[in-house]
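First comes the structure, then the notes that go with it.
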Amino acid sequence: MSSVLTADLSPSRCLVFGLLLTAACNLLAAVVPATSPTNLAVVLAVLWAMNGLFQGLGSPSCARIISAWCSAKERGSFWSLWNMSNNLGGALAPLMVSLGAAAGWRGSLLLAGASAAFISIFVAFLVQDSPDGQVEAVKSHSEGIHLSGLSLLWKGCLLKPGMACLALANFVVYGLKSAMISWLAFYVQAHGHTALSAAGRLSMFEIGGLFGSLVSGPLSDKYWHLRGSGAPLVGCRVQVASASVLAILLPAMITVVFGPSRISFIAMFAVGFGLYVAQALAALSGLELVTGRAAGVSQGLLGWSAYTGAAASGLPLGWLIQSTGWQAWRMVMAGGSMLVVLLFLPLWRLPSNEQRQQGATKVEEDLPPLESMVEEDLPPLKSMVEQQEVKGAEPPDQVGSNGYGAMHSPAGAVARERRGIQDLPSESKLVQNAEQDKAEGVALFQSGQYFKSYQVWRRSIDALEAIELNEEESRKVFVALCSNAAQALLKCPEVEGAATEMAASMADKALSVDPCNTRALFRRGCAYSNAQGWLLARKDFEQVLRLEPNNEAARRELEKLEAELPPAAPDVLARRQEDLPVATVPKDPAAAVRMAQKEAERFRREILAMADKKGCVSDWCKKFNKVQVMAVDWAKHQLKDPEILQDLLTLRGPLFQAMDSQQREDFLCAYDFVQEVRQRHQEEIDKLFES
C-alpha cells in the first residue's frame with residue numbers, strides 16, 4: 001500500500017517521513033497512560049499497526065533511490081550493502097531493547113523512537129533522490145499516460161514479464177527462511193540435540209545468510225560484466241541465484257533435513273548462504289524488471305509475497321507438523337528448495353527494463369540504428385571543410401564550446417540550408433512545441449526510457465537551433481532541453497558514445513547560451529569523466545563548486561577523481577603526447593578511423609572550451625578552420641604521391657595498409673589536424689591552459 005501511494009512522491013522525503021512517523025508511534029506508545037489493561041492493549045495495538053504501515057515506506061523508498069543513483073554495472077554491489085544493513089539492523093534490535101530495559105518496556109520504546117528520529121535528521125540532509133536532481137520537474141501534459149494506483153501495481157509491475165515468477169519464488173524463499181528459523185530448534189531437539197546446540201546452528205545459519213547477502217550483488221555484477229553488457233541483466237542475476245541454490249542450498253538442505261543427527265555447522269552456514277543469495281537477487285531482479293517510477297511498487301509486491309510466505313511457514317506448517325510429524329517439514333524444506341530453481345528457470349534469458357527500452361539486447365524497431373545515433377553538430381573534419389567549399393560558406397566567426405560553430409553562425413546557416421529548413425514557424429510557436437516536448441521527455445525519463453526522452457528533446461533542440469533566439473524564455477527552454485538531453489544520454493552507456501561525446505555535446509549547447517548553468521557543467525563533467533577526460537572533468541566540477549559551494553554532488557565527483565587517480569595520471573582528452581599511437585587503435589580499419597576523428601574532435605573541443613572561458617573562442621575557431629583546410633589538402637597530397645604513400649604504408653603498418661583510399665584520407669586528415677595545430681600554436685595552447 002505504501003509503495004503504491006508514494007510512487008510519485010520524493011523517495012528521500014518519504015524515507016524521512018517514514019522514520020519520523022515510526023519514531024512518533026514508538027514515543028507515543030512509550031508515554032501512553034495505562035488507565036486500564038484493556039485500554040492500554042487497544043492503544044498499543046493501534047499504534048503498532050500504524051508503526052508497521054509507516055515502516056513500509058522504508059524499503060520502496062530505498063529501492064527507488066538505489067535505482068536512481070546506481071548504474072546497472074554497480075547496482076548489485078550497493079544492493080547487497082543495503083540488504084546486509086537490514087540484517088544488521090535486525091541483529092541490533094535485541095541489543096537496543098536490552099539497553100532500554102532498565103526503564104522497563106517503555107524505556108525500550110523511548111530509545112527506539114529517539115534513535116529513529118535522530119537518524120531521520122541525517123537522512124534529511126545527506127540523502128538525495130538522484131545524483132543531481134536528474135531532470136527539471138515540469139507539469140506534463142502527458143501525465144495521463146502514467147499508470148497510477150492499483151493500475152501501476154497491476155500493469156506496471158505484476159504483468160511485467162517474469163514478475164509473477166519472481167513473486168512466487170520470493171514467497172517460497174521467505175517461507176523456507178522462516179520455516180528454518182521457526183522450527184529448526186524444535187526439530188534438532190526432537191532428535192537428541194540440546195537447546196544450546198540448536199542456538200549455535202541457527203547462529204551459523206544467520207552468519208551464512210549475512211555473508212550471502214554481502215557477496216550476492218558483487219558476484220552478479222561481475223558475472224554480467226564478464227558476459228558483456230548485451231547479456232540479459234535480470235537473467236544473469238537469476239542464473240547466479242540458481243547456481244547458489246543448486247550447488248550450495250539444495251545439498252546442504254538435504255543434509256540438514258534428512259540427517260538430523262549429523263547437522264553440521266558448515267551445512268547450516270551453506271543453507272543460510274544459499275537462501276540469502278536467492279532472497280537478495282530475487283528482490284534486485286524485481287527492481288530491474290520495472291521502470292524507475294515503479295521500482296518501489298515492485299519491492300512492495302515482492303515484500304508482500306515474502307511476508308505471505310513467512311506467514312505460511314508459521315501456523316499452517318505447524319498444523320502439518322502436528323498432524324503428520326517431522327516428515328512434512330522435511331518435504332517442505334527439500335521440495336521448496338527445488339521449487340525455487342524451477343521458478344527461476346523461465347527468467348534465465350530475461351533482460352532488464354532498461355535493456356528492453358534502450359535496446360541493449362535488442363534494438364527496438366522504433367529506435368534508429370546505432371549508426372545514426374551520432375551528434376549532427378560534430379561532423380568529421382574533412383566533410384565539414386568540403387561542405388564549406390561546396391556551399392561557399394565563409395569560416396564561422398563565432399562558435400560555441402563544441403567547436404563547430406554557434407547556433408547562429410554562417411556554418412549553422414549552411415547546415416540549415418542543407419536540411420532544407422524554410423519558412424520556419426515563429427519563435428513563440430517553436431517554444432510552445434518545445435515546452436510540450438520537454439514535458440513528454442520528462443515523462444519518458446521518469447519511466448526509465450532514457451534514450452527515447454533524449455530523442456524527444458533533441459527534436460526541439462534542432463528546431464530551436466534553426467532560428468535566432470531573441471526571447472529570454474526561449475533561451476531558458478533551450479538550455480533546459482540541452483541539459484536534460486545530456487542527463488538522459490548519461491543514462492545510456494549501452495549506446496556507443498552516448499554517455500561521453502554525445503552527452504558532452506548536449507551540455508556544450510546549453511553552456512553556449514548560459515555559461516554559468518551548473519546543471520550543464522556538472523553533466524558535462526560527468527561525460528568527460530566517463531571518457532576518462534579527468535582534467536576536463538575536474539575543471540567542470542571545480543567551476544560548479546565556485547558557482548555553488550554547497551553542491552554536494554560535484555564535491556563527491558571531485559573527491560572521486562582525486563581519490564582514484566594519481567596526480568600525474570594521463571588525461572585522454574587533454575594529453576600532450578602523441579595522440580594516435582598505432583599500437584593503441586583497434587584492429588578494424590573503420591574503427592581506427594573513427595577513433596582518429598574522435599581524438600581530433602576531443603582535442604579541438606578541449607581547446608575551445610578553455611578559449612570560451614578566456615574570451616578568445618572566435619580567434620581559435622578561425623585558426624582551426626585554416627588548419628582544417630590545410631590538413632585536407634595535405635592528406636590528399638600524401639596519398640597522391642607514390643613515394644610518400646609508400647612511406648606511410650611502412651610507417652603505419654598493416655592497419656593503415658588495410659584501409660581503403662577514403663579511410664586513409666579521413667585518418668590522415670584527423671591526425672594531421674592535431675599535429676599541425678600543435679606545431680603552429682603549441683605556445684599559445686600552453687598559455688591558454690595556464691591557471
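- A pairwise comparison of heavy atoms in Ser80 and Leu214 identifies CB-O, 3.5 Å as the closest pair.
- For the pair Ser447 (side chain) and Thr291 (backbone), a donor-acceptor distance under 3.5 Å is absent.
- A donor-acceptor pair under 3.5 Å is formed between the side chain of Ser242 and the backbone N or O of Val238.
- A donor-acceptor pair is defined here as one N or O able to donate and one able to accept, closer than 3.5 Å; no such pair exists between the side chain of Glu288 and the backbone of Val234.
- A salt bridge links Glu557 with Lys560: at least one charged nitrogen is closer than 4.0 Å to a carboxylate oxygen.
- Of the inter-residue distances, the one linking Ser216 atom OG with Leu281 atom CG reads 4.5 Å to the nearest 0.5 angstrom.
- A donor-acceptor contact shorter than 3.5 Å links the side chain of Ser120 to the backbone of Ala117.
- Residues passing the ring pair (Phe, Tyr, Trp, His ring centres under 6.0 Å) test with Phe211 are Phe273, sequence neighbours excluded.
- Every side-chain hydrogen bond (donor to acceptor under 3.5 Å, both in side chains) that Ser12 has, sequence neighbours left out, goes to Ser10, Asp129.
- Val271 pairs in a side chain to side chain contact (heavy atoms under 4.5 Å, CB included) with only one of the listed residues (Leu249, Leu184, Ile266), which is Leu249.
- A distance-only check finds no donor-acceptor pair linking the side chain of Arg330 to the backbone of Ile254 [under 3.5 Å].
- Between the Ser529 side chain and the Cys526 main chain, no donor and acceptor come within less than 3.5 Å of each other.
- No side-chain N or O of Arg237 forms a donor-acceptor pair with one of Tyr223 less than 3.5 Å apart.
- Ring orientation note: the planes of Tyr307 and Tyr174 are tilted relative to one another, at an angle of 30° to 60°.
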- Task: Give the intermediate values and the outcome of side-chain contact (heavy atoms from CB on, under 4.5 Å) for residues Leu15 and Leu57.
- Result: CA-CA 6 Å; Leu15 187 57; Leu57 293 170; over 6 Å; no
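- Checked against ring pair (Phe, Tyr, Trp, His ring centres under 6.0 Å), Phe122 has the following partners two or more places apart in sequence or in another chain: Phe118.
- Between the side chains of Gln239 and Arg227, at least one donor N or O sits under 3.5 Å from an acceptor N or O.
- Once rounded to the nearest 0.5 Å, the distance linking CZ of Arg555 with CG of Leu558 reads 8.5 Å.
- In this pair, Phe186 and Trp183 present their aromatic rings tilted. The plane angle is within the 30 to 60° band.
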- Task: Any chance you could lay out the side-chain contact (heavy atoms from CB on, under 4.5 Å) test for Arg75 and Leu287, step after step, and finish with the verdict?
- Result: CA-CA 10 Å; Arg75 191 176 295 137; Leu287 174 76; 3.9 Å; yes
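- Under a 3.5 Å cut-off, the side chain of Ser213 and the backbone N or O of Met84 do not form any donor-acceptor pair.
- Defined by atom type and a distance below 3.5 Å, a donor-acceptor pair is present between the side-chain atoms of Asp221 and Ser77.
- Asn51 places no side-chain N or O within 3.5 Å of a backbone atom of Cys25 that could act as its donor or acceptor partner.
- For Trp304, the CH2 atom sits in a loose shell: 12 or fewer heavy atoms of surrounding residues, nucleotides or ligands are nearer than 6.0 Å.
- A distance of 8.0 Å separates CD in Glu559 from CD in Glu552, rounded to the nearest 0.5 Å.
- Between the Thr324 side chain and the Ile321 main chain, no donor and acceptor come within less than 3.5 Å of each other.
- The aromatic rings of Phe522 and Phe541 sit tilted, their planes meeting at an angle between 30° and 60°.
- Checking side-chain atoms of Ser305 against main-chain N and O of Leu302 turns up a donor-acceptor pair under 3.5 Å.
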